[in-house]
Amino acid sequence: MELSKKTKIGGLIKKYPFLLDYFVDKSPKFSKLKNPLMRKTIGSIATLEQAAGMGNIDIGELLLEITTQIYHHTSDNITIINSNQAPPDAPLARKERIELLKNIVLQLHNGAPIDEVRKEFLTLFHNVSPAEIGQMEQKLVAEGIPETEIKKLCELHVELFENSVAQSARPELPKGHPLHSFQEENKLADIKCRELLDVIKGANEPLEFFAAKPGLIESVEDLAKIIRHYERKENQLFPVMERHGLTAPPQVMWELHDDIRALLKTARKAFATDDTKGTIDAVQNLVVSICDMIYKEENILFPMVFETFSEDDWAQVYSGEKEIGYAWITPGTEWKTAEYPAATQATQTGKITLDKGKLEPLVINAILKSLPVDLTFVNADNKVAYFSQTQERIFPRSAGIIGRDVDNCHPPKSVHVVEKILKAFKSGEHDTAEFWLELNGVFIHIRYYAVRDTNGSYLGCLEVSQDVTGIRALTGEQRLLSWE
């Protein structure tokens with residue numbers, strides 16, 4: 001048998017199980033090898049050279065001692081290959097790096113102390129690219145780790161990778177480029193967060209808090225505009241990421257968006273109470289979470305998409321941004337890009353035969369836009385095929401969602417409900433579903449309808465969302481024209 005610094009430690013222990021005791025006795029750093037899962041995962045990738053680095057052992061000494069152990073236990077002949085024959089410090093292949101990253105994060109998932117895991121991480125990696133972090137999250141989801149669990153790990157693995165994330169050189173982006181707009185919003189959000197934290201520090205006593213409260217409420221409402229920033233990510237950035245196979249990072253980040261939305265709701269409610277400490281804690285939790293999101297975007301998400309997206313991709317992101325809107329900024333016009341094909345306006349003159357009557361596509365489109373409801377149609381393949389362009393939308397929509405899998409258009413925590421509805425519609429078990437909720441003082445009624453042809457075959461699902469705040473408040477009668 002040949003033995004070299006490139007020999008995988010897991011395969012070696014599998015062939016010679018007695019080496020497990022040798023490694024554990026050699027250094028406490030190898031005690032993790034007692035765990036069968038660790039031997040199967042990291043052991044299948046880590047080489048003896050890497051193991052020597054973890055245990056602060058000379059690789060030549062390690063090879064000689066392993067050879068001696070094997071000879072005493074089996075009498076097998078072992079040939080040590082001159083390590084100089086292999087390229088010195090040959091870097092791990094990208095696939096191996098991602099697998100190692102995944103297994104290190106799994107250790108955190110299984111409860112390993114972050115300080116202990118960090119030592120192993122720093123031994124194996126000098127830097128990690130944002131794309132590798134995205135692909136690592138992708139592998140975790142593919143192997144059954146829910147996005148909610150990865151979200152819990154997110155703070156830990158960001159802390160683990162801190163100062164090790166390789167920042168690829170990015171040119172100064174011109175004003176108007178989607179990434180420039182996101183970053184400008186982050187700069188303003190960071191300033192607003194720091195100003196809020198400064199105010200909080202001086203408002204711990206009831207009298208001080210009472211004096212600062214009106215300004216705090218105003219500042220929180222101003223900071224709440226960051227939600228528009230997240231909505232643009234969800235509707236414009238995430239669909240393009242999914243097209244590149246990056247489905248896990250958007251879902252994990254959407255979970256974090258929803259956490260911030262929940263913290264904003266908690267802060268707003270806290271202002272209506274007399275609990276000074278509870279209100280300050282609620283505002284502080286909101287601000288810290290927004291600051292953490294800025295760090296994740298600037299150091300992981302934005303470098304990841306910059307490395308991945310083409311100019312055509314950025315044109316698609318840009319094409320629907322105005323429909324969603326911006327937080328605090330007005331994008332510049334320096335960035336020029338090829339026009340992304342927008343949805344074709346219905347201008348055909350030929351009439352479409354309906355159950356009763358015939359209408360031109362232009363008229364049908366105008367009718368749908370005039371309805372006081374938001375309509376979204378998902379076809380039989382669960383792809384978003386249409387949404388109405390009403391003047392004031394209840395939920396943000398843009399052309400970026402057309403053709404997108406409907407599962408990816410919802411926060412991860414509600415996807416199971418969407419899937420349950422569509423399954424029941426397709427099977428014919430149900431034809432309708434409805435929900436209602438209050439959102440920022442607005443009462444919203446949401447209904448889902450199974451759309452079928454005359455033979456009962458399923459064509460898709462129609463979502464109808466309506467602000468019924470005014471309707472809900474109606475009493476008595478109105479029989480006269482309100483204009484007069």
Side-chain angles (χ1 to χ4, degrees), residues 138 141-142 144 146-147 231 233-255 308-309 312-313 315-317 319-320 323-324 340-346 348 352-355 361 364-365 368-369 371 373-390 393-435 446-465:
Q138 197 75 31
V141 170
E147 289 91 345
E231 288 170 344
K233 283 165 61 183
E234 292 161 358
N235 286 274
Q236 293 302 114
L237 208 61
F238 290 176
V240 182
M241 291 178 71
E242 290 156 10
R243 202 173 67 229
H244 284 280
L246 293 170
T247 57
Q251 292 299 302
V252 173
M253 194 157 274
W254 203 331
E255 286 265 4
T308 305
F309 285 11
D312 285 343
D313 291 331
Q316 180 181 347
V317 174
S319 68
E323 292 180 68
I324 305 298
Y340 185 79
T344 304
Q345 182 73 22
Q348 298 95 323
I352 295 174
T353 302
L354 305 171
D355 282 356
I364 295 173
N365 193 51
L368 293 172
K369 289 171 63 175
L371 294 174
V373 294
D374 283 359
L375 302 176
T376 303
F377 180 71
V378 176
N379 66 23
D381 295 324
N382 295 349
K383 305 290 184 184
V384 179
Y386 165 82
F387 66 89
S388 58
Q389 291 280 62
T390 51
R393 298 202 56 84
I394 296 171
F395 300 112
R397 296 280 190 274
S398 69
I401 69 167
I402 299 297
R404 193 180 185 191
D405 192 300
V406 70
D407 282 359
N408 295 330
C409 297
H410 292 79
K413 64 182 179 183
S414 64
V415 167
H416 70 286
V417 178
V418 174
E419 291 176 341
K420 186 175 182 179
I421 292 170
L422 294 178
K423 183 178 179 181
F425 283 3
K426 288 183 179 182
S427 68
E429 183 181 356
H430 292 284
D431 286 315
T432 62
E434 65 177 336
F435 306 88
I446 307 169
R447 287 159 287 180
Y448 296 89
Y449 299 96
V451 179
R452 306 185 192 280
D453 64 16
T454 53
N455 297 318
S457 298
Y458 178 74
L459 300 176
C461 170
L462 180 67
E463 178 191 77
V464 182
S465 303

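Along the sequence shown, residues carry numbers from 1.
- Separation of atoms OH (Y386) and CD1 (I402) is listed at 9.5 Å; rounding is to 0.5 Å.
- With a 4.5 Å cut-off on side-chain heavy atoms, W254 and N408 do not count as touching.
- Between C461 and F425, the closest heavy-atom pair is SG-CE2, 3.8 Å.
- In this structure, P361 and I352 approach most closely via the heavy-atom pair CG-CD1, 3.9 Å.
- A distance of 6.0 Å separates CZ of F309 from CE of M241, quoted to the nearest 0.5 Å.
- With sequence neighbours excluded, the residues satisfying side chain to side chain donor-acceptor pair (under 3.5 Å) with K426 are N382.
- Considering only residues two or more places apart in sequence or on other chains, S465 meets the side chain to side chain donor-acceptor pair (under 3.5 Å) condition with none of them.
- You'll find the side chain of T376 reaches within 4.5 Å of the side chain of V384, heavy atoms only.
- Residues that satisfy the side chain to side chain contact (heavy atoms under 4.5 Å, CB included) test with A424, not counting sequence neighbours, are E429, H430.
- Counting heavy atoms from C-beta outward, R452 and D431 have side chains that approach closer than 4.5 Å.
- Under the side chain to side chain contact (heavy atoms under 4.5 Å, CB included) criterion, D355 pairs with no residue, sequence neighbours left out.
- Not counting sequence neighbours, the partners of E463 by the side chain to side chain donor-acceptor pair (under 3.5 Å) test are R397, Y448.
- With sequence neighbours excluded, the residues forming a side chain to side chain donor-acceptor pair (under 3.5 Å) with D313 are R243, H244, S310, listed by chain and number.
- Rounding to the nearest 0.5 Å gives a distance of 4.5 Å between CZ of R404 and SG of C409.
- Under the 3.5 Å distance criterion, the side-chain polar atoms of S414 are left unmatched by any main-chain donor or acceptor of H410.
- Taking CD from Q251 and CG from D407, the interatomic distance works out to 8.0 Å, rounded to the nearest 0.5 Å.
- Summarising the geometry of L422 relative to Y458, their closest heavy-atom pair is CD2-OH, 3.7 Å, with the distance given to 0.1 Å.
- Counting only distance, with no hydrogens or angles, the side chain of S388 and the backbone of L375 share a donor-acceptor pair below 3.5 Å.
- Summarising the geometry, atom CG belonging to L462 is positioned 8.0 Å from atom OH belonging to Y449; distances are rounded to the nearest 0.5 Å.
- Using modelled atom types and a 3.5 Å distance limit, the side chains of T390 and D374 yield a donor-acceptor pair.
- The closest donor-acceptor contact from the side chain of N379 to the backbone of D381 lies under 3.5 Å.
- Separation of atoms CD1 (I401) and CZ (F387) is listed at 5.5 Å; rounding is to 0.5 Å.
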